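Working notes, structure below.
Just so you know, these numbers come straight off a predicted model, no measurement behind them. So you know, we letter chains A, B, ... as the sequences are listed, proteins then strands, and number each from 1.
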There are 2 protein chains.
Amino acid sequence: MSHCHTLIQNLRQNGYRITPQREMIIESLAHQPGHQTAEQVFDQVKTRTRSVNIATIYRTLDLLVSQGLATRTSLCEGEVVYATRQHGPHIHLVCRQCGCLINADSGLMVGVSDQLQALYGFDADLQHISITGLCTACQHNSPQGG
Amino acid sequence: MSHCHTLIQNLRQNGYRITPQREMIIESLAHQPGHQTAEQVFDQVKTRTRSVNIATIYRTLDLLVSQGLATRTSLCEGEVVYATRQHGPHIHLVCRQCGCLINADSGLMVGVSDQLQALYGFDADLQHISITGLCTACQHNSPQGG
DNA sequence: CTCCTTGCAAAGCCTTTGCACGCTG
DNA sequence: CAGCGTGCAAAGGCTTTGCAAGGAG
């Protein structure tokens, strides 16, 4: 069964009302494998009903984030994406050419994180890292670089 | 002598005209130690003349970026900053609480970069990494988190 | 002289907000 | 029943664009 029930329970326990809109938004977000923009969630929800407004999408996503049930990440190109917390921390690899998004293991960053703490006293949030670069396909498509 | 002359030469050689506006914008960007938003560059330039429009700031910054003379980075909070390339690659540490910006040595990322290439075939651009977290001061100010 | 670059202002994009009605609990 | 949540539409912030005049080369 799906993770979205946990999210819904969580909201309910915190005194928030569960409306059909919120259910659909949560399901759309939770059932997708990766990250989605508000617009993408909107499109998903629209396939099931026309009676949801984009403002409600934003409000619900913000609610989930404020409750710690979802994350909001600003990718390097300025695109803002949301995801439920089920995925756990990971690094976003964003291709600067084709825009594709790869989720990498954030364990790779643990060493760096420790060093940032030691050298700069900075407590890095491994949940929110995104790195720009070129994916495999685009490296081969542009041997000279852009 | 300043780095901005190199930038200006470079533009000229590529057939772009050097206007007083472009000179001032380049100087403002090059003489600042770190990164600046378009608005900050605008403010800088305004201290020297009133006859520059914000649209010109955006157009010139975009020109510099398209010519590879400057970088455009979207920090984790969605703020877009520009910098000339003289600073070399570095990591942006953005405090999610006070918003302060620390430049860290991107050498820390070399190992991670290699692993991303090996594991995901991803060629990370070390020039554009930004990491959210808490700076030293804010770690002590918010022992319980927000 | 040619035409690139600029200022102005309006438009554009994405996101947020005010309001009254409807629905959840 | 109480009041939170919604749709609608307008506003908001930041950035881009169309146009005619002006300046660089």
Atom of A:Ile54, atom of A:Ala38 and distance for their closest heavy-atom approach: CD1-O, 4.3 Å

Where A:Val41 and A:Ser28 come nearest, the two heavy atoms and their spacing: CG1-CB, 4.3 Å

Using nucleotides 17-23 of chain D, report all nitrogen or oxygen pairs with the protein that are shorter than 3.5 Å.
| residue | atom | partner | partner atom | Å |
| --- | --- | --- | --- | --- |
| D:dG23 | N2 | B:Arg17 | NH1 | 2.6 |

Under the side-chain hydrogen bond (donor to acceptor under 3.5 Å, both in side chains) test, residues paired with A:Arg72 that sit two or more places apart: A:Tyr82

Pairwise 5' ranking along DNA chain D for A:Ile54 and B:Asp62, keeping only the more 5' one: A:Ile54

Closest-nucleotide 5' rank along DNA chain D - winner of B:Ile18 and B:Val80: B:Val80

OP1 or OP2 of C:dC23 under 4.0 Å from side-chain N/O of A:Gln21: no

B:Arg22 side chain near C:dT6 phosphate (N/O to OP1/OP2, under 4.0 Å): yes

Test item: [X] and [Y] side chains (from C-beta on) under 4.5 Å apart, heavy atoms:
| X | Y | value |
| --- | --- | --- |
| A:Asp105 | A:Ile91 | no |
| A:Ile26 | A:Leu11 | yes |
| A:Ile102 | B:Leu116 | no |
| B:Leu64 | B:Leu29 | yes |

Which whole-number value in Å describes the distance from [X] [atom1] to [N] [atom2]?
| X | N | atom1 | atom2 | answer |
| --- | --- | --- | --- | --- |
| B:Leu61 | D:dC14 | CG | P | 15 Å |
| B:Leu63 | C:dC4 | CG | P | 13 Å |
| A:Glu23 | D:dG5 | CD | P | 14 Å |
| B:Met24 | C:dG7 | CE | P | 9 Å |
| A:Leu64 | D:dG5 | CG | C1' | 14 Å |
| A:Ile57 | C:dT16 | CD1 | C1' | 15 Å |
| A:Asn14 | C:dG25 | CG | P | 14 Å |
| B:Leu11 | D:dG25 | CG | C1' | 15 Å |

Closest-nucleotide ordering on DNA chain C, the 5'-leading residue of A:Ala38 and B:Thr60: B:Thr60

Stepwise salt bridge (charged side-chain N to carboxylate O under 4.0 Å, His left out) check, B:Asp62 with B:Arg59: CA-CA 5 Å; B:Asp62 285 350; B:Arg59 284 189 278 228; over 6 Å; no

Please list, pair by pair, any protein nitrogen or oxygen found under 3.5 Å from a nitrogen or oxygen in nucleotides 11-14 of chain C.
none

Sugar-phosphate only, base, or nothing, as touched by A:Arg50 at under 4.0 Å among non-hydrogen atoms: nothing

Test side chain to side chain donor-acceptor pair (under 3.5 Å) applied to B:Tyr120 and B:Gln115, step by step: CA-CA 8 Å; B:Tyr120 305 95; B:Gln115 289 189 69; over 6 Å; no

